[in-house]
Each structure stands twice: as C-alpha cells, then as structure tokens.
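The structure appears below as structure tokens.
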2 protein chains.
Amino acid sequence: MTLTPDDFESIQKAIVDVQANGRDIRMTFASYYDDEVDIGWEVDAAVDSFQMFSSRWTIEILAALYIAGDRRFNELRTLLRGISSRTLSDKLTTCQEHGLVERVVEEGPPIRVTYRLTSHGRTCGRLLGPLVAYMKIHKDLIESE
Amino acid sequence: MTLTPDDFESIQKAIVDVQANGRDIRMTFASYYDDEVDIGWEVDAAVDSFQMFSSRWTIEILAALYIAGDRRFNELRTLLRGISSRTLSDKLTTCQEHGLVERVVEEGPPIRVTYRLTSHGRTCGRLLGPLVAYMKIHKDLIESE
DNA sequence: CTGAGGTGCATTTTATACACCAGATACGTT
DNA sequence: AACGTATCTGGTGTATAAAATGCACCTCAG
C-alpha cells in the first residue's frame with residue numbers, strides 16, 4: 001500500500017474524528033476486529049510498527065507529553081520519575097527521529113526549549129488513552145494478586 | 001481506590017462492551033479526554049502503568065498473541081522475527097508475572113505448551129488495536145520522510 | 001535422529017549514576 | 001555600579017550495571 005500525503009491527511013483526520021465523536025476506530029479499520037478474517041500478515045505489520053515503542057521510556061514520554069502537554073527538559077525529567085538525564089536526552093532524540101516529538105526553541109530571553117508531540121505523536125497518544133485508563137483501574141488488582 | 005474481583009469483572013466487561021459496540025471508552029473514563037480537567041497526577045498513573053510494557057518485546061508479544069491467537073513457543077519466536085529464544089523465554093515469564101499471559105500445558109501425548117493471553121492481556125491487546133491500525137497506515141509516510 | 005521447549009554463558013547493546021559544563025538570571029555586598 | 005557566588009536550564013562524558021543477542025547445548029518425546 002502506498003499513500004500520498006493527502007491520503008494520509010484524510011485518514012488521520014478520520015481517525016481523530018472517529019475518536020472525537022465517541023465511536024470506535026473499528027469503523028475505519030473493520031478487519032482488525034473481525035475474528036473471521038485471516039490476519040496472519042498483520043502480525044508482521046504490528047510487530048514492525050511497535051518496534052518504535054519497544055524500548056524503555058518511549059511510551060512513558062509519549063504518555064507524559066500527551067497527558068501533561070508541552071513540557072521542558074527538566075519538567076519531563078521530573079514527570080518521568082527515575083529516568084536519567086542522559087537517557088531522556090537520547091530518547092527525545094530518537095523520538096524526534098521517529099517523528100513523534102518536536103523540539104521547540106523559544107527565542108528568549110530567556111531562551112527555553114520545549115518538547116511537543118507532533119500530530120503523529122498526538123494521535124498515538126490519543127490511541128493509547130484507553131489503555132492508560134484501563135491500566136489505571138486494573139493496576140490495583142494485578143498488584144494485589 | 002481498592003477494587004474487589006467483582007468490581008473488576010464488571011469494569012472490564014464494561015470496557016469490552018463499550019469497544020464492542022463501536023463507542024469510545026471515554027464514555028467510561030470521561031476525564032481522560034477532557035482537556036479542561038487538571039490531570040497532573042494522572043501522568044504518574046500512566047507512567048507507572050506503562051512500565052509494564054516499557055521494555056523491548058513486551059508489546060510485540062502482546063500484539064502477536066492478540067492478533068494471531070494462542071501460539072506455541074517456537075511459533076512465537078518465528079512471528080517475532082529477531083527475538084532470541086533466551087529473551088523470549090524471559091519475557092514470557094515476566095508477562096506471566098504481570099498477569100498478561102498464561103502458559104497452558106496440553107497434556108499429551110504429545111505434550112505441547114501454548115501461550116495464551118489472559119483476559120487482562122486480551123483487553124490490553126484490544127485497546128492497542130487502534131494503534132496497530134494507525135501505525136500500519138502511517139508507517140509508509142513516516143519512513144519516507 | 002529430529003523437533004519442541006527451553007537453559008547457560010560470553011559478548012554487545014541499553015540504561016543508569018554521577019560528575020560536570022556553559023549560559024542566563026538572582027541576590028547580596030561593598 | 002561592580003563583584004562574588006549561587007542557582008536553574010539543558011544538556012554531554014564516562015564508567016558501570018542491566019538487558020538482549022548469538023550460539024551452543026540439554027532433556028524429553030516421537
């Protein structure tokens with residue numbers, strides 16, 4: 001499948017709209033939820049896609065920026081209790097390379113650096129939302145088992 | 001917040017039902033999507049929750065089992081192109097400890113070991129669905145930038 | 001003698017701890 | 001007004017610890 005930027009724009013819009021109107025994304029991607037469909041090759045696609053998130057801290061950074069909004073370096077470091085500044089710096093760089101985050105320099109004085117989700121990053125954050133909500137409630141139970 | 005197993009059952013059921021009926025989980029967790037609400041502390045909750053997924057391969061394993069269904073050890077190793085058997089073994093163990101996956105021994109002969117998502121794991125998989133779908137479509141564009 | 005389901009161990013890759021740095025603002029002293 | 005010094009921001013450098021890999025190998029069943 002090859003998509004033009006226009007295709008992408010409208011697909012992304014559709015996804016966001018679907019979420020925004022309280023309906024399930026399945027209306028756009030029916031096959032994903034249809035157990036009858038042979039989706040063998042989609043495992044490859046999923047495994048492939050998730051490698052972007054498959055390292056420590058990437059999802060947390062995404063979630064923190066999505067929930068808390070734009071944040072500066074040291075603010076993020078505080079939110080992500082436990083990350084080293086070396087690692088945060090490295091992760092923010094790879095997030096930029098993956099098109100999830102952009103580095104915004106506010107010309108001063110004082111000069112300030114802010115990290116912001118790209119529209120791609122915001123969509124990912126939004127799609128992670130239900131998982132955050134579920135985990136928040138489920139955590140107690142899992143931990144007490 | 002402390003939940004009884006019964007609370008949990010009905011909450012989980014509600015989440016799955018909401019998804020299954022094509023509505024957004026926000027109907028259950030309104031505050032998550034409401035930009036006006038101060039959700040500072042929820043960042044903590046999210047960061048906390050995601051640490052379960054925040055290591056290499058965990059999300060891929062979840063996605064593979066969710067999309068492809070129950071799988072045996074070597075089948076998973078094939079699906080997750082590139083994982084070493086040592087790492088797969090370790091990750092499956094921690095997924096079990098987190099209550100995401102169960103190890104099902106089919107008494108033979110022949111004896112076979114199957115890995116299966118728990119109901120918790122399936123819910124997580126389902127909630128990751130929209131992200132899989134989005135990434136699949138978005139990947140071309142990101143990579144060509 | 002093969003395939004399934006792993007474990008052991010040495011090496012490489014990732015993340016951490018901790019020190020440090022340059023530039024800017026801030027506070028008090030003289 | 002100049003002077004020291006002290007702190008905050010946004011990182012980098014380096015050694016060490018933790019996680020993942022490659023590859024050999026094991027047991028058990030067929």
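The shown structure was predicted, so the numbers you read here are calculated from the model rather than taken from an experiment. Below, chains carry the letters A, B, ... as their sequence lines are ordered, and counting in each starts from 1. Any value given below was found using the heavy atoms of this structure, including those in side chains, with hydrogens, waters and symmetry copies removed.
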Listed once per pair and sorted, the salt bridge (Lys or Arg N to Asp or Glu O under 4.0 Å) pairs that draw on residues 83-96 of chain B, sequence neighbours left out: B:R86-B:D90
Can you tell me which residue pairs pass the salt bridge (Lys or Arg N to Asp or Glu O under 4.0 Å) test with a partner in residues 57-78 of chain B, sequence neighbours excluded? B:D70-B:R116
Would you tell me if any nitrogen or oxygen in the side chain of A:W57 comes within less than 4.0 Å of OP1 or OP2 on C:dT16? yes
At under 4.0 Å, does any side-chain N or O of B:S84 touch on OP1 or OP2 of D:dT21? yes
Can you tell me the distance, in whole Å, between the [atom1] atom of [X] and the [atom2] atom of [N]?
X      : N      : atom1 : atom2 : answer
A:L88  : C:dA17 : CG    : P     : 13 Å
B:E75  : C:dA4  : CD    : P     : 9 Å
B:I111 : D:dG30 : CD1   : C1'   : 12 Å

For B:T78, enumerate each residue passing the side-chain contact (heavy atoms from CB on, under 4.5 Å) test, keeping only those at least two apart in sequence or located in another chain. none
Taking side-chain contact (heavy atoms from CB on, under 4.5 Å) as the definition, give me every residue that meets it alongside A:T118, ordered by chain and number, with sequence neighbours left out. A:E102, A:H120
Results of side-chain hydrogen bond (donor to acceptor under 3.5 Å, both in side chains) for [X] - residues two or more places apart only:
X      : value
A:S84  : A:T87
B:R103 : B:Y115
B:T114 : B:E106

Exam field: side chain A:T93 to backbone A:S89, donor-acceptor pair closer than 3.5 Å: yes
Output one line per pair: protein atom, nucleotide atom from nucleotides 12-14 of chain C, and distance, for all N/O pairs under 3.5 Å.
none

Contact list (N/O, under 3.5 angstrom) for nucleotides 11-13 of chain D vs protein:
unit_1	atom_1	unit_2	atom_2	d
D:dG11	OP1	A:R103	NH2	2.7
D:dG11	OP2	A:R103	NH2	3.4
D:dG11	OP2	A:Y115	OH	2.7
D:dT12	OP2	A:S89	OG	2.6
D:dT12	O4	A:S85	OG	3.2
D:dG13	N7	A:R86	NH1	2.9

